[in-house]
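Comments concern the structure below.
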Amino acid sequence: MMNAKIIQLFILQFIFFVIVSPLLGSCLQTDMILSNSFIKDPDTIVSRGNVFKLGFFTPENTTNRYLGIFYTFSEKTVVWVANRDTPLKDSSSTVTISKDGNLVLINDKNQTVWSTNATISPMNTIVQLQDSGNLVLRDNATGAMIWESFSYPTDVFLPNMKVFHNITTGRKTLCSSWKNVSDPAAGSFTMGIEAFNIPQVFIWKNHRPYWRSGPWNERIFIGIQDMYDAYLQLMTVVNNHAGVIYVTSIDQAMFMMKISLNSSGSMIHTIWNNQTKNWNIVWLAPETRCDAYGTCGPFGSCNAQDLPICSCLRGFEPVNKEEWESGNWTSGCQRRTQLQCDQSNNTDGDGFVRLPFMKVPDFAEQFLSRQEDKCRNRCLRNCSCIAYAYDSNISCMFWSGSLIDIQRFDDVGYDLYIRVSASELDSHKNKKLFIIIPVVVAFCCMSIFTFIAWCWIAKQKGEKTKDKRTFEARQIFSLDSTAIVLKNESQKVHIDELPLFTFETLANATNKFHDNNLLGKGGFGYVFMGKLDNGKKIAVKRLSAISGQGIEEFMNEVVVISKLQHRNLVRLVGCCVEKEEKILIYEYMPNKSLDVCLFDPTHPSRNILDWTRRFSIIKGIGRGLLYLHKDSRLKIIHRDLKPSNVLLDEKWNPRISDFGMARVFGGNQDHANTARVVGTYGYMAPEYAMEGRFSEKSDVYSFGVLMLEIVKGKRNTHYYNQEWSLSLLGYAWKLWSEGNGLAFTDETIVDSNIEEEIMRCIHVALLCVQEFPKDRPTIQSVLLMLNREIVDLPEPKQPIFAEKWNNLHGGSAQSIRQVGLSINEVTLTVLDGR
Ligand SMILES: *[C@@H]1O[C@H](CO)[C@@H](O)[C@H](O)[C@H]1NC(C)=O
Ligand SMILES: *[C@@H]1O[C@H](CO)[C@@H](O)[C@H](O)[C@H]1NC(C)=O
Ligand SMILES: *[C@@H]1O[C@H](CO)[C@@H](O)[C@H](O)[C@H]1NC(C)=O
Ligand SMILES: *[C@@H]1O[C@H](CO)[C@@H](O)[C@H](O)[C@H]1NC(C)=O
Ligand SMILES: *[C@@H]1O[C@H](CO)[C@@H](O)[C@H](O)[C@H]1NC(C)=O
């Protein structure tokens, strides 16, 4: 939502503010008030670039006059008010610089209504209104700033404004809402930053928390759902290491944007749309009832999709059942079973339940560690630690006391681990031992094998630490009836909330895996549509028992995907391991996969894929990939990105699937080699196909191919241009470099209105499919380029690889899944990086 609006506005904004507006700026207007001058109602001063005005205004339904700052192009939008508490009764006031050097507002009776009241006041000062909207009072002799309006905000937070929290003195900069639209006096809501522990933005109502942004993770506030989608950073938090921390909204030069706090307590981030002459909303908070601080009380969790919205955390029950059921959740929940830890100091008695997609509770404490496991161990050892979560930037977050203001989001958020007594964990365990034992034995064997292999590799390379993380991802599996349990080296139990299905349930759901329910053939097995008894549709991937390779990919997929949460990645609903059967259960995607919609000429939805939709699919895939490469807690290389692995949900939102071959990179690792090249010809980067080297840049290559396929509506692997003897990539390059990108585009979507966007898309794709990884942009840059935040693009080099490859393979690339390449070091490197 955020990005679509931003792009839409970009071009108009840029033209208007950067090119046109300085020309409009009147040469006669001044942006200053000097010591011997004044402005008298209704005069104004205008900032140099003609963006802001300082002058008098009257709010709706009142006759009071106020001195304020507003936009030149939207005079009703007031961003700052001088005399918010002392309205003027008529239009005969003046603003001037007083004898003591302060800026003052004087009424007709020669009384000072408002003053900057600066403590140091040299005699000779000047006032200037800047293009940022900041009104600055300076000493004319030295140029030193004496006072600025940015330090005394009213209800609007502008780019470059700094909202401070001084940890040492406790002082905070606060924006406060107007009382109502007719009265700018301070209302009951304030907003600011609370920087103790991990910085968060708050809205307070009468000084009590009303809404909270969640902790800052160096990129986003993790309790604002809409921020997860943003790759354009709009805010940042800075610590000056002198006890002062501030949040600031980054000036994206080309946008006019602001964050305001309205009189009903909503914080609204808006961007000016110069076409409609309106402020468009980017996001606002609080948005749902669940956003209101502490709606469900201590140990209660809020989910706006549920009815009722509040529920107790796992292992907890309502403090007062009657009250809770009547919808009064204020007293919250309490533990069903006391922790072992409290009673005996025996820390082995407790375990953690994992709650995915959470807005984490308030009052997080921080502990630095590069490994998630350390968080668990440290929390387990301290009886007052009752929950933890991990973020690669924040590191470990801990909670003690009670857990307040917890929310479950749709498909973003954090894994929150709640400490519960072991008996809560064990309650279902014993019933299904007959499943557990064979599975445990099988997995033990695997892991012993893995361990031996790992030791061997580590010894060979002498690089134990590098592989540590890799190894951790392949920990021992064991199962109980409700969850997969991952055990770490020290045998501490760690529960994943991934439900297990029985084979029988799945056979019933898919009509015994009937062909009529077959959706397609995935990497290592068939995918069926299924319907559970509760009516919920699922996609069931049954790994072929014969292939023998399945188990590794199966484990890989379970381990990798169960840790990922993003709206452009497919979500794993559960799994099933019974006898020979290994089955993965996903959300059902009604619009099938991209290859079906894009390449099948008989498919009805082909026409639905107009350019707007295709472009948003491209960006969605890009965002999913960015999450894999940069934003998730693990760095993941997908290695098999292609249209059949991109599923489309009911809103045509793309979701990357099939993580059977994905590799997890630890720490600073940025590439790896493999002796077993797996992937699909036509999408594999040259260095990967030829030498087995893969990295983020090999995924970028596949993404580039995918983009060209989406533009052309033809498969790279089946495309060969007879006339020019060119592959799809070569043909795209030829036409693009002749400035004829539209000729390359799918006829069904061609429209000269979108030529510019299509040309840019082809250009970016060509940058992605360049022969050398170092020439290709990162996925982050790709997204910035697509959204025109990087405007000047480098020239792509001709994609040579595809032609070479085509010549080798007689003109048509093949679609083969597996290739064994002989490389000197035919070792167990295949275990690397998993
Ligand atoms: C401010 O200083 C400049 C140069 O230092 C001078 O030319 C100007 O007259 C001064 N203005 C006022 C209002 O004192
Ligand atoms: C102003 O007053 C008019 C007439 O009473 C009313 O219809 C309108 O809603 C008021 N506007 C605001 C913002 O209160
Ligand atoms: C206004 O007050 C100032 C001092 O407070 C005085 O110097 C000035 O003469 C007064 N002006 C008028 C018009 O009364
Ligand atoms: C909800 O319960 C609390 C605690 O028992 C009580 O103080 C409060 O008045 C109740 N609120 C409502 C709306 O009934
Ligand atoms: C346990 O955690 C609490 C709260 O975070 C902290 O105050 C205390 O120092 C910790 N105790 C130990 C032994 O680490």
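Just so you know, ligand 1 is whichever comes first in the structure, and atom 1 is the first atom listed for that ligand.
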Tell me, which protein residue and heavy-atom name are nearest atom 13 (C) of ligand 5, and how many Å apart are they?
N382 ND2, 4.5 Å

So which protein heavy atom does atom 8 (C) of ligand 4 come closest to, and at what separation?
N328 ND2, 3.7 Å

Looking only at distance, does N61 have an N or O less than 3.5 Å from an N or O of ligand 2?
yes

State whether cysteine residues C302 and C310 meet the disulfide criterion of an SG-SG distance below 2.5 Å.
no

Residue T330 vicinity, atoms of ligand 4 by number, heavy atom under 4.0 Å
1 (C), 2 (O), 3 (C)

Between S149 and N134, is any side-chain donor less than 3.5 angstrom from a side-chain acceptor?
yes

Using the six-membered ring wherever Trp is involved, compare the ring planes of Y71 and W279 and label them parallel, tilted or perpendicular (cut-offs 30° and 60°).
tilted

So, does C385 sit close enough to ligand 5 that a heavy atom of it is under 4.0 Å from the ligand?
no

Atom indices of ligand 2, in the order listed, that fall short of 4.0 Å to a heavy atom of E60
11 (N), 12 (C), 13 (C)

Would you confirm whether any non-hydrogen atom of the protein falls under 4.0 Å from atom 11 (N) of ligand 2?
yes

Indicate whether any N or O donor in one side chain lies under 3.5 Å from an N or O acceptor in the other, for S369 and R378.
no

Which of the numbered atoms in ligand 5 are below 4.0 angstrom from a heavy atom of S400?
4 (C)

Do any N/O atoms on S331 end up under 3.5 angstrom from N/O atoms on ligand 4?
no

For the rings on F221 and W216, is their centre-to-centre separation under 6.0 Å?
yes

Do the side-chain N and O atoms of K89 and N64 include a donor-acceptor pair separated by under 3.5 angstrom?
yes

Which ligand 4 atoms, with their elements, are less than 4.0 angstrom from a heavy-atom of E323?
2 (O), 4 (C), 5 (O)

Give the atoms of ligand 5, by number and element, whose distance to some non-hydrogen atom of E365 is under 4.0 Å.
4 (C), 5 (O)

Atom 2 (O) of ligand 2: protein heavy atom closer than 4.0 Å?
yes

Does the SG of C396 lie under 2.5 Å from the SG of C375?
yes

Heavy-atom contacts under 4.0 Å between R381 and ligand 5: side chain, backbone, both, or neither?
neither

Pairing donors with acceptors under 3.5 angstrom, does anything connect the side chains of S260 and D155?
no

Numbered in order shown, the ligand 2 atoms found under 4.0 Å of a heavy atom of V181 are 13 (C)

Using atom types as modelled, flag every donor-acceptor pair under 3.5 Å from a side chain in residues 39-46 to any protein atom, sequence neighbours excluded.
{"unit_1": "D41", "atom_1": "OD1", "unit_2": "R65", "atom_2": "NH2", "d": "2.7"}
{"unit_1": "D41", "atom_1": "OD2", "unit_2": "R65", "atom_2": "NE", "d": "3.0"}
{"unit_1": "D41", "atom_1": "OD2", "unit_2": "R65", "atom_2": "NH2", "d": "3.4"}

